[in-house]
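Nothing here was measured: the structure is a model prediction, and the numbers come from that model.
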Amino acid sequence: MSTLTAAYVRCSPPCPCPLTQAAALRAAEAIWSHRSPHDLVGAHIHLETGEWTQADAGIGRGIDSFYEYMLKANLVLGGSAYLAYFHDAYAAALKHLKKGSWYVDVHAATTQVP
C-alpha cells in the first residue's frame with residue numbers, strides 16, 4: 001500500500017477501480033490486524049507470515065507512512081476503517097512514543113525503549 005495507490009485510485013478514469021480500492025483496504029486491514037496490544041505497528045512485516053521482522057514502533061524511518069496512508073486513504077477513498085486505524089494508531093503514538101517534547105522508538109509489543 002502506498003501513496004501511489006491513493007493517487008491511482010483518485011485519478012483512474014472514468015472512476016476509481018473497485019478492485020484497487022478493495023486491495024488497498026485489505027492491505028490496511030492486514031497490517032492493522034497484526035498491531036500490538038498497544039495499537040502500535042512495527043517497522044517491517046513479513047508478507048507471508050505476518051510477523052514483525054522489525055518490531056520497533058515510532059514515527060520515523062518509514063513507520064510514519066502507515067499514519068500518512070491511513071489518513072490519506074480516508075480523505076481520498078472515504079470509509080470509516082482508515083480513519084479508525086489512523087485515530088487509534090495516532091492515539092497510541094501519543095501515549096507510548098511521546099516522552100516529554102521528544103518522540104522515541106519503542107518495541108511495539110512491550111513499549112520498552114530498545
Side-chain angles (χ1 to χ4, degrees):
M1 173 159 194
S2 69
T3 301
L4 291 177
T5 301
Y8 173 76
V9 169
R10 185 70 176 157
C11 299
S12 295
C15 62
C17 174
L19 294 175
T20 305
Q21 289 185 22
L25 181 57
R26 281 194 314 274
E29 290 170 341
I31 292 171
W32 193 243
S33 73
H34 293 289
R35 73 190 181 281
S36 78
H38 306 286
D39 286 340
L40 296 170
V41 296
H44 302 151
I45 193 166
H46 190 283
L47 294 177
E48 294 175 351
T49 67
E51 300 217 11
W52 293 107
T53 57
Q54 183 178 349
D56 296 341
I59 61 167
R61 297 180 295 112
I63 306 169
D64 61 324
S65 296
F66 179 77
Y67 305 99
E68 173 193 352
Y69 299 160
M70 294 305 101
L71 188 57
K72 284 182 178 178
N74 174 257
L75 295 172
V76 173
L77 304 173
S80 59
Y82 295 117
L83 187 58
Y85 299 158
F86 171 80
H87 180 269
D88 292 349
Y90 183 72
L94 290 176
K95 180 177 181 180
H96 299 291
L97 307 177
K98 189 166 175 45
K99 306 293 183 200
S101 59
W102 294 89
Y103 286 85
V104 299
D105 288 355
V106 301
H107 190 279
T110 65
T111 70
Q112 298 298 310
V113 176

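- Note that NZ of K95 is 9.0 Å distant from OG1 of T111, once rounded to the nearest 0.5 Å.
- Residues that satisfy the salt bridge (charged side-chain N to carboxylate O under 4.0 Å, His left out) test with D105, not counting sequence neighbours, are R61.
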Sequence neighbours left out, cut at 3.5 Å: what donor-acceptor pairs do the side chains of residues 41-59 make with other protein atoms?
| unit_1 | atom_1 | unit_2 | atom_2 | d |
| --- | --- | --- | --- | --- |
| H44 | ND1 | Q54 | OE1 | 3.0 |
| H46 | ND1 | E48 | N | 3.1 |
| H46 | ND1 | T49 | N | 3.1 |
| H46 | ND1 | T49 | OG1 | 3.4 |
| T49 | OG1 | E51 | N | 3.2 |
| W52 | NE1 | H34 | O | 2.7 |
| T53 | OG1 | H44 | O | 3.3 |
| Q54 | NE2 | D56 | OD2 | 3.4 |

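- The backbone N or O of G100 sits less than 3.5 Å from a side-chain atom of K98, completing a donor-acceptor pair.
- A 6.0 Å sphere centred on NE2 of H87 holds no more than 12 heavy atoms belonging to other residues, nucleotides or ligands.
- How far CG of L97 is from CG of L40: 5.5 Å, rounded to the nearest 0.5 Å.
- Rounding to the nearest 0.5 Å gives a distance of 5.0 Å between CH2 of W32 and CG of D88.
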Test L71 against Y82 for side chain to side chain contact (heavy atoms under 4.5 Å, CB included), laying out the working first.
CA-CA 7 Å; L71 188 57; Y82 295 117; over 6 Å; no
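- The backbone N or O of A108 lies less than 3.5 Å from a partner atom in the side chain of S36, making a donor-acceptor pair.
- The aromatic rings of H38 and H96 sit perpendicular, their planes meeting at an angle over 60°, well past the 30° parallel limit.
- Heavy atoms from other residues, nucleotides or ligands lying under 6.0 Å from OH of Y90 number 12 at most.
- Rounding to the nearest 0.5 Å places OH of Y85 at 15.5 Å from OH of Y67.
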Would F66 and I31 satisfy side chain to side chain contact (heavy atoms under 4.5 Å, CB included), going step by step from the backbone distance to the final call?
CA-CA 9 Å; F66 179 77; I31 292 171; 3.6 Å; yes
